[in-house]
Structure formats: C-alpha cells, structure tokens
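Heads up: the structure comes next, in structure tokens.
Every chain is numbered from 1 and lettered A, B, ... according to where its sequence line falls, protein lines coming before strand lines.
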Amino acid sequence: MGIKDILDLKQTKAEEPPKKKGVPKGIWSKCAACNKTIYQKDFLKNLKVCPECGFHYQLSARERLDSLVDPGTFEETNSVLLADDPLKFKANKTYRESLDQSKEKTALPEAVVTGWSKINGRLVMLGVMDFHFIGGTMGSVVGEKITRAVENATEAETPLIIVAASGGARMQEGMFSLMQMAKTSAAIARLGKNRMPYITVLTHPTTGGVTASFASLADVIIGEPGAMIGFTGPRVIEQTIKQRLPEGFQTAEFMLEHGMIDMVIERPKIKNTISDYLDMVLPVSKKKDTKEAIKDIMNRPLLDDVNNINKRIQKGISKIQEKVKGD
Amino acid sequence: MLDIERPIVELEKRLEDLKRLAKDRPDMFDSEIKLLEKNVAELKEKTFRDLSAWQKVQIARHPDRPLARDFIEMMFTGFIEVHGDRLFSDDPAVIGGPANLKKQPVMVIGEQKGRGTKERVKCNFGMPHPEGYRKALRLMKMAEKFSLPVISLIDTQGAYPGIGAEERGQAWAIAENLREMSALKTPIICVDIGEGASGGALAMGVGDRIYMLENAYFSVITPEGCASILYKDPGRAEEAAESLKMTADSLLRFGIIDGIIPEPLGGAHRGDQETADNLKKVLIKSMEELRDIEISELLDQRYERLRKIGVYEEGS
Ligand SMILES: [Zn+2]
C-alpha cells in the first residue's frame, strides 16, 4: 500500500506547499512551508528544520546519521547486502531499473544503513532508513539488515535505535517482502529477552508494513513533528470510506494523542532525548564509568538558546571539562 | 458463477436433466449419459488444469467458496465461540474459540468474510479492525496457557483501511501479533484458505507450519492494489497477479509455505466437505509432528523458518 500513498499524498495534499515544493537550497531562500526567507547556514545548523516555522524537511540517511552520531564513531555493518530480483518483476519499470535509479540518486546500496555508533559516548546499534531509495520500502535486504542489527544488539547487549522512513513493504519482491515483517518482528521478540532498550524514531512518512512491524515494537517511540505515521495511506482510506479525512489525521501529533507513540520531539533535540532515556533505564552495570559519563555529558553540544541565556553555565562547564581532561 | 465455469455448469445441468428424464428408462439413454459425463469431465479437466494466477484469485473469491466458519463446522466438533478483545469491542471479521479436532482440543481462529449481504457487511467483508487482531492474540495467549495447539485460518483482502482502525492502532495490532506469534509457547499451524493479502493476512500467519489451499493466494498486496500503484492502472490486475507470484505452487517453491492442500477440480466450492477432509488430514498429521517437539526447540525452528526467508546478494 505504501508507495501509492506517498504518490497520492502529493496529489491529495497539493494545496499544502511544504510537501510539494523542494528543500530550500540557496544561501538565502524561502521556506516552502511559511514563505519566510531563511538563511541556509541557519537552516542546515538546525538540521533542515525551518528556523522560522519549525517545518521538518526530510533528511537523507547520511544527514540523519550526522544528526545523531558522535562524529567519527559510525562503523557501518552489512553494506555489502544487495537486492536480488527473485520474481523477475516487471511493471512499467523493471525492478532492476528501479534499484539502479535509486542507487544512483541516493549513493546508497539500499533503503537502510546500519552500523555501530556512539550516541553521547554510548555504544548503540543504529539503523537509519532513507525514503529516497524506492520510497524506503522493505524488501529482503532491508529486512535482513534490520534483523541483523537487532541480532547484533541482542548479542552485544547494546541498545538498538532505528530511524524509520518508509512507504511499507516493497511490492517488487512479493511475499519475500511481506515475510520481512514477520522476520524483523520475531528478531525483536528475542531482543526483549536481553532487556536492552529499543527506541524508534518515526519520520515522515512511516507507513504500511514498516509501521506494522519493527517500527511500532519499540520500548519508546519518538515521532518527528508533522510526520505522517500510519498503516494505510490517506487516499486508500478516503476511497474506502468515501469522505475527506480530518485535518491532521495520521500525523505524529495525532498518533501521540491516540496513545500510539510516546512523544513528539523536534529534530535537534532527538539525540539528547534518546541518550537521556538510555541513561535512565539501563542498569548501572551497563553504564559507562562515572568519569567517562561526566565527560560525555559535558561534551554534549548545548542548544544555542541555552548558550545565549546564560554564559556563566558555559563557563562553568568549561571549567569542569578542563578538570576532567586534566587527570 | 465465474465465466470460466459457465460452460461446465450448463453442461452439468443438462446432464442432470437428462438423468432425471431417463430415470424410468435406464437402458435407453445409458450411452448418451455416459458420453455426456465424459464430456463434462474432459471440459473440467481442460478448464481447471493450469489455471492462471488471476483465475485462481477468482476462485479464491468465489461467493460459494467455504469460509472460515464453514471449515470450522466441517472439521471440528464442539466449537465454543468466544468474543471480544477486552479492550474495545468484538470484531466479527475474526472468529475463534476452543474446539476438538479428532478429539484433540485446539484453539481455532479464523478471518471470516461472511456469506450473503447482511453477514458480509457485519463481518466487514473479512477485513479486520485492530480489535480483530487483538482478539486473535487474546485467544492465542489462552491457547498458550492451556497448551492447546493453535489453528489459524487466513482469509482476507487486508486489514480494514478506516479512520477508527488507524486511531486504534491497526499497524500496532498487526506488529504485536507478528512478535507474539513468533514466540508463542504452543504449536501454531496456519492455513490460507482463500485470500491472503498484506499485513492483514500475515497478522494471522506466523507459525510452525504454513499451508495453502490449492487455489488460495498469499501476497504482499492484492493484485488490484499492485496494479494501481506499480502499473498505474487498476485494470492491469491480471498482469500484477502473475508478476507477484502469489499462488501456492510458487510460494511452495520459494520455501515460504510448507504444503498445498488439494481442492476438488474447479475449486473448493465444488466440494466443500472433500476440501475440509483434505485439510483435516494435513492438520492432524502436522499436529502429531509438532506435538513431540520440545517447546524451546519448536521456537528455535519457528525463528529459523522466518530467519532464512529473503533473497539477496552478499558481496565482500
Ligand atoms: Zn518555514
């Protein structure tokens, strides 16, 4: 169902500019959501969230990694897994053609990137999906990489973090795709036995077989503001019930209100939210030693507003940093 | 009646008429009757052997095809139907409860499409809401508690796409079933008895054995859905049905299912009881196989059967 809904989204919501128009690119450019002029440097520093209206533009997998991972700590796993064409699928395009186009467009081998990463100093297994690769759809490779990531986290006793962006199961691999839902969910059932935290971040859009498997099975589910999250896409629902959907239907905020996700967090705050949660729930033995922990906390980048409000805090932090560095 | 069935049904009717008229004079029309019987058999063979994927979809959707409740009545005794998900409501699109299969108590659950307009509407044409999946899970947990094997009958075009279904977490309900079924500490046997489309079917389809009736289909999406997305033309459903490789023989070859339950020539609706008997035999045999396996071993095998599904290239 997924991809259709995404394609449909463009049609049914054409009157909403942000989803139709592109990402602001010039040094000075207009935000498609609020029409205000924004400075590219501010926009990028704010992780592609409009500094004026807070609209969250989509990120590529690489950009997402940069937003979450401590610099230089990402070690990619299973990048050598490549899609096959088990059904020899041919629609208007062959499956091979779709794959080749996506590879070229995204410079990625598949719709998910996985790897060991440090988040504020803590080792985690991280998976990040990229919607630009065949709509972030899950075929055999995505299913296998997610499953291996879950198994790695289970074996190494590290937390698991997955950032989802997907139109659902990949139709061109037929039942092989559908069964990845069961495979990934079964792996997560085993993750639970090792009492390791599992966190998902649902970004725009997360629908279909990805929502209906690993993405919704986390201990804590974070949604990005305004992200579309659901099972069936809006146009299929409208066609079925023959009425217009209410404003804000299937947004992250809607899912929060209905008890399906835990929180809606602005992109620049997601990294620290994840790391605070991990600090809270992991048993003491799983935490780093105190000095390491202090170092990590003090090294955390502060949000600009905090910096501006109180320079003294910064001064104090610098002092502590010096001390920790010293011995 | 399907188009491909029409000539057969007509010929069969003529044969019936002839038999009735000739009742008093068996000697006189004997050879004609024999000839007509031979014709019907040949026509059936010609029509129903090597059906296309799309023709099988039509048979899987045949209005006279036996449904979950029919199979429960034909195969089990003492079915005690229970209701509700204990959270919101009772979804008539999923039925279930304990029953005996050849004197062995089991938990049977099934997606029920309903027969006739009134029941079909009540059952939402077999498209469950989250409550249906949560009811199924509740019954599976009950089965685990009493060590009853679970028999799950799949028959749906998908989970219901509606406002309430989304509000109450359709995706969450499906995902939870996938996770919980993969770890349920009692044997699970799943049978696709007709339509098995998308996550709405898979939410009842994780187990130790997965079977399909001969003319059932199992697919990531309905052929119509695939046609409108990938071919940008819902009219090309027939092509999509072929491309998706959704028939039982393809899926057996791919190692996704464990076996095919034969149907009478032309489809299950041409012999309900015969189909049910065929299925019952397989269920009894599988239950015997699974009964002797230690639970931890059973769960490892269940995980492995899912774990190995997927086709990809691994470079270095
Ligand atoms: Zn803006």
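Summarising the geometry, atom OG belonging to S219(B) is positioned 7.5 Å from atom CG belonging to L178(A); distances are rounded to the nearest 0.5 Å. Within the model, atoms CE of M179(A) and CG of L251(B) stand 9.5 Å from one another, a figure rounded to the nearest 0.5 Å. With rounding to the nearest 0.5 angstrom, the OG1 atom of T211(A) is 11.5 Å from the CD atom of Q170(B). Remark: E313(B) CD to D84(A) CG distance equals 5.0 Å, nearest 0.5 Å. Rounded to the nearest 0.5 angstrom, K245(B) NZ and F89(A) CZ are separated by 8.5 Å. Atom-to-atom distance recorded for R190(A):CZ and S182(B):OG is 8.0 Å, nearest 0.5 angstrom.
Contacts of E239(B) with chain A are absent, with no heavy-atom separation under 4.5 Å from either backbone or side chain. Only the side chain of E151(A) has a heavy atom closer than 4.5 Å to any heavy atom of chain B. Of the two parts of R168(B), only the backbone, made up of N, CA, C and O, holds a non-hydrogen atom closer than 4.5 Å to a non-hydrogen atom of chain A. With a threshold of 4.5 angstrom between heavy atoms, F214(A) does not approach chain B through any atom at all.
Contact record, P161(B) with I241(A): O-CG2, 4.2 Å, taken as the closest heavy-atom pair. For the residue pair V220(B) and A169(A), the shortest heavy atom distance occurs at CG2-CB, 3.6 Å. The heavy-atom pair separating Y312(B) from V141(A) by the smallest distance is CB-CG2, 3.6 Å. Contact record, I309(B) with K183(A): O-NZ, 2.9 Å, taken as the closest heavy-atom pair. The two residues A182(A) and L178(B) make their nearest non-hydrogen contact at N-CD1, 4.1 Å.
For E166(B) (side chain) and F231(A) (main-chain N/O), a donor-acceptor pair under 3.5 Å exists by modelled atom type. Although no hydrogens or angles enter the test, the distance criterion places no donor-acceptor pair under 3.5 Å between the side chain of E180(B) and the main chain of A189(A). Judged by distance alone, the side chain of S140(A) and the main-chain N or O of G310(B) form no donor-acceptor pair under 3.5 Å.
With chain B as the partner, the residue from K93(A), R170(A), E144(A), M181(A) showing the most heavy-atom pairs under 4.5 Å is E144(A). The choice from L244(B), L306(B), I174(B), V311(B) that makes the most heavy-atom pairs within less than 4.5 Å of chain A is V311(B). Between chain B and the residues A83(A), S216(A), G174(A), G139(A), the largest count of heavy-atom pairs under 4.5 Å involves S216(A).
With a 6.0 Å radius and a threshold of 12 heavy atoms from other residues, nucleotides or ligands, E294(B) has its CD atom at or below the threshold.
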List the steps, then state whether side chain to side chain contact (heavy atoms under 4.5 Å, CB included) holds for M175(A) with F254(B). CA-CA 9 Å; M175(A) 274 300 277; F254(B) 292 155; 5.8 Å; no
